[in-house]
Amino acid sequence: MLEAQSLTRVFGDTRVVDDVSFTVRPGRMTGFVGANGAGKTTTMRMLMGVLGATSGEVLWDGAPATAELRRNFGYMPEERGLYPRMQVREQLVFFGRLHGMSTSQARSRADHLLAHFGLEERATSLLDDLSLGNQQRVQIAASLIHQPGALVLDEPFSGLDPLAVDSMIDLLHVEAADVPLLFSSHQLDLVERLCDDLVVLSAGRVVAAGSVEELRGHGEERYRVVLDGQDAAWLRDVRGVRVDDVDGATALLTLDGIGASELASTVVGRAPVLELARVRQPLSEIFREVTR
Amino acid sequence: MSTATTPRGLWKVVAQREITTQVRSKSFVITFALLVASIVGMIIAFTLMSGRTSTHEIAVIDQPGQTVVTTANDNAKAGDADVRFTISEFEDAEAAEKAVTDGDVDAALLPSSSGYDLVGQDDVDTSITQWVGQTATQLALERNAGESGVDLGALTSGTQVGERLLDPDAGDNGLRQVAAFVFVLLFYLMALGYGMQIAATVTQEKESRVVEILAAAVPVRAMLWGKVIGSSVLAIGQTVVLAAVGVIALLVTDNGHALSVVGPAIGWYVLFFVLGFIALATLWTVAGSLAGRQQDLNGTTAPLQMILFAPYILAVTAGAGVKTVVSMLPIVSTMMMPYRLAEGDVPMWQLGVAVGTTVLAAVLLVRLSASIYERTLLQTGRRITFKEAIASSRKTESSAA
């Protein structure tokens, strides 16, 4: 379990990261979202130890995470970087060996990861000669080469086409099945699809953190009712229900005292129904609410 | 199957990458080939120039002149000198002088009111003055002595000035100077070439941002040491190979005796090279870590280029006293000591002082460099001044204390 505890970083007079605490649990994907400049990258660099914290601590299973321990993390920095004039496979083997693997271990890992991305053919190409998308695949492979104990990925999906995103997600599900994984992203739809947990950062502070389910629970239970050709305005008179909006045969309402099945039987008993569905609050809405 | 690398051995992985990347690069192979070729070329040129007997053609216009030149030639032969004289006869002084002017002969031996004139175009070769001039004097003395009935032996007794050499090797002066010059030039080229290379690879890592991943995976000092040792192994390996090429070339060109002259200097050279190079290599990594982009490198490496260039100039121009003093200064000694050793003997204590100061400087520079390197490596995107870097490294040291 990876934990940020009151992490704070001051640059000059600016508190870029201010008393940030959250937990990244193993086996769960934790999304790290926030507007540009909210402090995500700075926080991640402090988690990795490449940037010192002004105050606060990084904990691993409750104890301060040593530099040595953190070197075992897989890291994909915001500013991508590998050796441009080095062969792809050789490069991966180099990073594997830096993480203490033997050459033969690192070779077989590199081949395995390259095969996953269908890059076996490019193993001896220079990184520079690869497309940007493929360079990004190699970058993620470099962070996974040593079967890291935790993963900190800064915008791992940016710049990838949907197929490449899927392929990378598949890989992460396999490779990081039981380690803490924190990744930042601007693509909220992606975060919504992927994440088990969420940390929302705004202006250097955590404004929301927890499982996606929990965060959604903060919003009330909303339902949409679509009647068959009948005006839905009468729903305003139903007890235990607050109608937020009516548009012809469609109404948007919030349960306020009665349960979902009671609502269903009430509506079905009074009018022909085309649709009755729970409205899941999109993450973008949660995001807008908490960062407001 | 190779064993896994322990955290302590990570510098080896870095050094290994440094070496393989370099050895594979075209510029490395080409530079190396050029250096080998120029060392072999220099030794061949030296052999051709020093081993050859030069022959001077002397214009004469009378019988006594012919006798002088013939005797001078015999004397030179008997004295084992690498010079010979041939005779070219002319009608009169005018014709002989014209031959000198036209370059047909090297000099003319013309009778004058007081004896002989050696006539040259703008100068007379010293070997001609020495052998032909002295022979003319000698013959005239003998003739005069005979005519006036003087016992020449008695007259000249006590006038003989003999020669006794305290340093007979000085006969190899040409060779020594060439060797000394090669030592200085070679270190200058190696230190500069590899130094710029080290700085450039550090800057590349900053520029390509790979440094962030490296710093997350490896202690920054392991990276520093990997780089320094990788480059040093290459530079020293190259120097040893070049030294071996030099020795083989000397043997092949039948200059084996030269080895006894420059051999010890070569040994010391390698030692000083190792020490001086390592001391400088860490500074080059700092120069690289201060630059945000390749374009900044010229600025951040300028002080180091000066450090190298100054002793190079000194070695070529300074007087003996200055050389003795500066040859004991760290880094400078790397160029100056082998230079002095090649030129002649150096007292053991001076060698000791030079090794001592260089080791001390290496230790101090490595510590300073490592702390600056750790501070500046992750500050990408801009150029940092030496002043800022030193200030920040002090600050962190005091705050850590």
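Below, read A as the first sequence line, B as the second, and so on, with proteins coming before strands; counting in each chain starts at 1.
With a threshold of 4.5 angstrom between heavy atoms, R85(A) does not approach chain B through any atom at all. Using a 4.5 Å cut-off between heavy atoms, V220(B) does not touch chain A at all. With a threshold of 4.5 angstrom between heavy atoms, Q204(B) does not approach chain A through any atom at all. Heavy atoms closer than 4.5 Å to chain B are found nowhere in F73(A), neither backbone nor side chain. Of the two parts of S208(B), the backbone and the side chain both hold a non-hydrogen atom closer than 4.5 Å to a non-hydrogen atom of chain A.
Between R45(A) and E212(B), at least one side-chain nitrogen of the basic residue sits less than 4.0 Å from a carboxylate oxygen of the acidic one, meeting the salt-bridge criterion.
The OG1 atom of T23(A) sits 9.0 Å away from the CG atom of L59(A) when rounded to the nearest 0.5 Å. Distance check, rounded to the nearest 0.5 Å: CG of N134(A) to CG of L160(A) gives 9.5 Å.
Contact tally against chain A (heavy-atom pairs below 4.5 Å) for L214(B), V210(B), V218(B), I213(B): the top residue is V210(B). When each of M76(A), H146(A), E90(A) is checked for heavy-atom pairs under 4.5 Å with chain B, E90(A) comes out on top. Counting heavy-atom pairs closer than 4.5 Å to chain B, the top-ranked of the candidates R70(A), R80(A), M48(A) is R80(A).
Annotation: F32(A) is in aromatic contact with F22(A) [ring centroid separation under 6.0 Å]. You'll find the ring centres of F187(B) and Y269(B) outside the 6.0 Å limit.
Counted by atom type alone, Q305(B) and T301(B) present one or more donor-acceptor pairs between their side chains at under 3.5 Å.
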